Amino acid sequence: IGSLSVTLDRSLVAPEFVSRMLSFFVITTGKNMLYGLLLYWLIFNLLARHVSELAHAAQSWRPGQGRLALPPVPKFMRDTEVEGLGFRIQRLALNANTALDTIQQSHDAVVDSNADLADLDGLTGLYNRAFFDRLLQSAFDQAMDDDVPFAVLLIDVDHFKAFNDFYGHQSGDNALVSLARVLNKVQAANDCIMARYGGEEFVCLAKLAGDDLAHLAKTIHAALEQVGIEHQHSTVAKRLTVSIGTASSQDPGVFSSPD
């Protein structure tokens, strides 16, 4: 169809107008850049300060100190990665506390287990002499306070040396283990405490006297007889037997010591 040519004559635009436009552009752009930089610095400064406070709180906290106290999140940082970072730090602290509690419980269980093992005889599993010696005085004092009978039974395997010489020491150990099982069952049924005193000697603490004490001794004899451990070189019987000595008091108040 044709073409259109437009020519702008610069002489028609006043220099003052150009100068004002340039000034407006420079000033407006400068202000925007200044505001932008100021806003950037402000946000970055607040963000850096908050992250620094998070780091300081995390470094100062130690497992076992309870809940980790973190600084409050500024409003404009809520629902952002910054707030999520705080939640993750809290979760790590909670997991650390849980792990520490588990370790402490395991440690306590090991300590308790070791303490229990220290009180047991390695061969028979009954209480050992050290435990008996510690218990004797306290059990005696308790009986005196409660005004109840107090008795000690000393249980000795008859002709145990002859048993070991004929059957061998391993059979002797097995016989002591079998006797310990008998004593353990009697202990469970009669509210008494059995311990290995040493070698083939065992001891029992019971709050009994008179006929009740005699019945406990007979119970031990009868239970061991049912097991029927052969002992051909005993002058008492052709099976393993024990002799039981007892010491008791109808009135524990007349004594000042279990010795």
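Just so it is clear, the values below take in all heavy atoms, side chains as well, and ignore hydrogens, waters and symmetry mates. What you are looking at is a predicted structure, and each value in this text was computed from that prediction instead of being measured.
Judged by distance alone, with hydrogens and angles left aside, the side-chain atoms of Gln187 form a donor-acceptor pair with the main-chain N or O of Met194 at under 3.5 Å. Side-chain N or O atoms of Asn190 include one that pairs as donor or acceptor with a backbone N or O of Val186 at under 3.5 Å.
Heavy atoms from other residues, nucleotides or ligands lying under 6.0 Å from NE2 of His221 number more than 12. Surrounding NZ of Lys185 are at most 12 heavy atoms belonging to other residues, nucleotides or ligands under 6.0 Å away. Counting heavy atoms of neighbouring residues, nucleotides and ligands inside a 6.0 Å radius, atom CG of Asp191 does not exceed 12 of them.
Side-chain contact between Asp147 and Asp145 is absent, with no heavy atoms from C-beta onward closer than 4.5 Å. Using a 4.5 Å heavy-atom threshold, the side chains of Val182 and Phe202 count as separate. Counting only heavy atoms from C-beta outward, the side chains of Arg196 and Glu201 never approach each other to under 4.5 Å. Proximity of Asn184 to Leu126: side-chain heavy atoms (C-beta onward) are separated by under 4.5 Å at one or more points. Proximity of Asn174 to Ile229: side-chain heavy atoms (C-beta onward) are nowhere separated by under 4.5 Å.
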> Please walk me through it: do Leu205 and Phe140 pass side-chain contact (heavy atoms from CB on, under 4.5 Å)?
Replying inline: CA-CA 9 Å; Leu205 296 180; Phe140 177 78; over 6 Å; no
> Can Thr246 and Val152 be said to form a side-chain contact (heavy atoms from CB on, under 4.5 Å), step by step?
Replying inline: CA-CA 6 Å; Thr246 64; Val152 178; over 6 Å; no
> Is there a side-chain hydrogen bond (donor to acceptor under 3.5 Å, both in side chains) between Tyr167 and Gln232 once you walk through the steps?
Replying inline: CA-CA 10 Å; Tyr167 295 100; Gln232 294 295 329; 5.0 Å; no
> When you look at Asp156 and Ser243, which way does the side-chain hydrogen bond (donor to acceptor under 3.5 Å, both in side chains) test go after all the steps?
Replying inline: CA-CA 5 Å; Asp156 186 24; Ser243 296; over 6 Å; no
> Going through the distances and angles, do Asp158 and Ser234 end up as a side-chain hydrogen bond (donor to acceptor under 3.5 Å, both in side chains)?
Replying inline: CA-CA 7 Å; Asp158 297 325; Ser234 172; 5.8 Å; no
>> Between Asp146 and Lys207, is the side-chain contact (heavy atoms from CB on, under 4.5 Å) condition met? List the steps.
In response: CA-CA 10 Å; Asp146 296 340; Lys207 296 179 180 180; 4.0 Å; yes
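Note on Leu120 and Ile193: same hydrophobic cluster, where clusters join Ile, Leu, Val, Met, Phe, Trp and Tyr whose side-chain heavy atoms are under 4.5 Å apart, directly or indirectly. Linking ILVMFWY residues whenever their side-chain heavy atoms come closer than 4.5 Å, directly or via other members, places Leu176 and Ile220 in the same cluster. Linking Ile, Leu, Val, Met, Phe, Trp and Tyr residues whenever their side-chain heavy atoms come within less than 4.5 Å places Leu179 and Phe166 in a single cluster. Using a 4.5 Å cut-off between side-chain heavy atoms of Ile, Leu, Val, Met, Phe, Trp and Tyr, with links allowed through other members, Val177 and Val227 fall into the same hydrophobic cluster.
Atom CE of Met144 and atom CZ of Phe150 lie 10.5 Å apart (nearest 0.5 Å). Within the model, atoms CD1 of Ile155 and CG of Leu183 stand 5.0 Å from one another, a figure rounded to the nearest 0.5 Å. If you take CG on Asn128 and CG on Leu123, they are separated by 12.0 Å, rounding to the nearest 0.5 Å. With rounding to the nearest 0.5 Å, the separation of SG in Cys192 from CG in Leu208 is 7.5 Å. Taking CG of Leu216 as the start and SG of Cys204 as the end, the distance is 5.0 Å to the nearest 0.5 Å. Between atom CD1 of residue Ile244 and atom CG of residue Leu154 there is a gap of 9.5 Å, rounded to the nearest 0.5 Å.
Arg129 and Asp121 are not joined by a salt bridge, as no carboxylate oxygen comes within less than 4.0 angstrom of a charged side-chain nitrogen.
You'll find the ring centres of Tyr197 and Phe132 inside the 6.0 Å limit.
The two residues Ser248 and Ala151 make their nearest non-hydrogen contact at CB-CB, 3.7 Å.
The aromatic rings of Phe163 and Phe160 lie parallel to each other, their planes meeting at an angle below 30°, with 60° marking the opposite boundary. Ring pair His159/His231 is perpendicular by interplanar angle, where above 60° counts as perpendicular and below 30° as parallel.
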